[in-house]
> 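A single structure is presented below for examination.
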Amino acid sequence: MFDIQNIRSQFPILSQTVNGKPLIYLDNGATSQKPASVIESWEKYYTTINANVHRGIHTLSQLATEEMEVSRRKVQKFINAKNDFEVIFTKGTTEGLNLIAYAVTNFIKKDDEIIISYLEHHSNIVPWQMLCERTGAKLKVIPMDENGILQLDFLDQNLSERTKIVSLNQVSNALGVINPIEEIIKKTRANSDAMIVIDGAQSVPHFRIDVQKMDCDFFVFSGHKMYAPMGTGILYGKEDILRKISPFHGGGEMIATCSFEKTTYAELPFKFEAGTPNVGGDIALGAAVDFMEKVGHEHIQTHENALLEYAQKKLLEIEDLKIYGEKAHRTGVVSFNLEGVGIASDVGMILDKLGIAVRTGHHCTQPIMDYFNIAGTVRASFAVYNTFEEIDVLADGVRKAQRMLG
Ligand SMILES: *Cc1c(COP(=O)(O)O)cnc(C)c1O
């Protein structure tokens, strides 16, 4: 049974008022709120077992190490990775993508090609541009249409033995569009030897992931968008590729032996986890996985899809409101503007006065905004604790903003 009041009661922050109104938190695409179980896990770590991992012989260090490895195995199961050492703790999607783009440098030559899509977050654009600068490789971009749907015939024309990386998100953070990654991965495998990188920052919070079935080479996501603390994230990589590529950061924890003449690297996953990790956060990420498993992916998805459908219906009843990517297959996000009415941030400010938190602006996706020739959008994004009543209040708030700004 899915009991929304029970779910809401697990999120302490939701019972607050903001500007004198009950908080309506619809900025989950930027970061989700945290359930008590995650906050308690983090607190318990710092009040009972805080110690540095791997080095210490003492009891607390062993406990901390053990708990972190338990969390790694929870994530392994959560995304169905074959081995626990294919799961690497990072501080988020951005770090994961930069790690990959740096670690593959030696495999990229001048005139090789890297394919991304029009729908990417800046963190899945800039690291590849930097790689191109280092190596002389070229960046190619899968175009989209006015509904935010990627034009896959571009792949038929552009995949070749020169293609070394194909990197794209499973769900667009700006529009909520779900990209047909299964089809893209199939096409890529059939026509190139490219490594396939999937940015799962906006898909992991909403639906079940199976990296083996997906057959990607890398899959990255952030903990903080799936109910875990900030400063946590995961890089999954296939074993054979992780063994081949170079470490990103050098330092403590990632060496097997270190001398001035030669250093050898530690085994997976530690080769990619230099320095002291965010132990408390990484353990709490395991608690976030437990939370999602306990609620159940089917319940999360059914509820969020119903919210999305309802929000789209309610918002489209408002005259002169345009939803971007309206006709695409979507999840978790409605991105819209009031035509002829001020700028997105004015709408966001009025909504804030009503206790409603939305994001306004370019959402770290300036190319998409340029495509539509706009500066930004208003984005409402959903999590499992949002309600239909909250969407009614949102729609009323948008009408009010339209009256005030029109
Ligand atoms: C949020 C987001 C990122 C960046 O994640 P960080 O947690 O800020 O590192 C990358 N890609 C997408 C699709 C995102 O939504």
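Order of listing sets the numbers, starting from 1, for every ligand and every atom in it.
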> Minimum heavy-atom separation for Ile4 and Asn386, please, with both atom names.
CD1-O, 3.6 Å
> Let's go through Glu273 and Arg72 carefully: what are the C-alpha distance in whole Å and the side-chain angles of both, what is the deciding distance for salt bridge (charged side-chain N to carboxylate O under 4.0 Å, His left out) to 0.1 Å, and is it a yes or a no?
CA-CA 13 Å; Glu273 292 181 352; Arg72 194 190 305 277; 2.9 Å; yes
> Would you name the heavy atoms of Asn28 and Gln33 that are closest together and state the gap between them?
OD1-N, 4.3 Å
> Considering non-hydrogen atoms only, spot the tightest contact between Ile356 and Leu394 and give its length.
CD1-CA, 3.9 Å
> Output, or 'none' if empty, a list of ligand 1-protein atom pairs in which both atoms are N or O and the distance is under 3.5 Å, rounded to 0.1 Å.
from: ligand 1; atom 1: 5 (O); to: Ser222; atom 2: OG; distance (Å): 3.4
from: ligand 1; atom 1: 7 (O); to: Ser222; atom 2: OG; distance (Å): 2.6
from: ligand 1; atom 1: 7 (O); to: His224; atom 2: NE2; distance (Å): 2.7
from: ligand 1; atom 1: 9 (O); to: Thr93; atom 2: N; distance (Å): 3.4
from: ligand 1; atom 1: 9 (O); to: Thr94; atom 2: N; distance (Å): 2.9
from: ligand 1; atom 1: 9 (O); to: Thr94; atom 2: OG1; distance (Å): 2.5
from: ligand 1; atom 1: 11 (N); to: Asp199; atom 2: OD1; distance (Å): 3.4
from: ligand 1; atom 1: 11 (N); to: Asp199; atom 2: OD2; distance (Å): 2.6
from: ligand 1; atom 1: 15 (O); to: Gln202; atom 2: NE2; distance (Å): 2.6
from: ligand 1; atom 1: 15 (O); to: Lys225; atom 2: NZ; distance (Å): 2.8

> Between Arg189 and Asp217, is the salt bridge (charged side-chain N to carboxylate O under 4.0 Å, His left out) condition met? List the steps.
CA-CA 11 Å; Arg189 295 274 184 237; Asp217 298 302; 3.2 Å; yes
> Could you tell me if the side chain of Val211 sits less than 4.5 Å from the side chain of Lys238, heavy atoms only?
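When only atoms from C-beta onward are counted, Val211 and Lys238 do not touch, as no gap falls below 4.5 Å.
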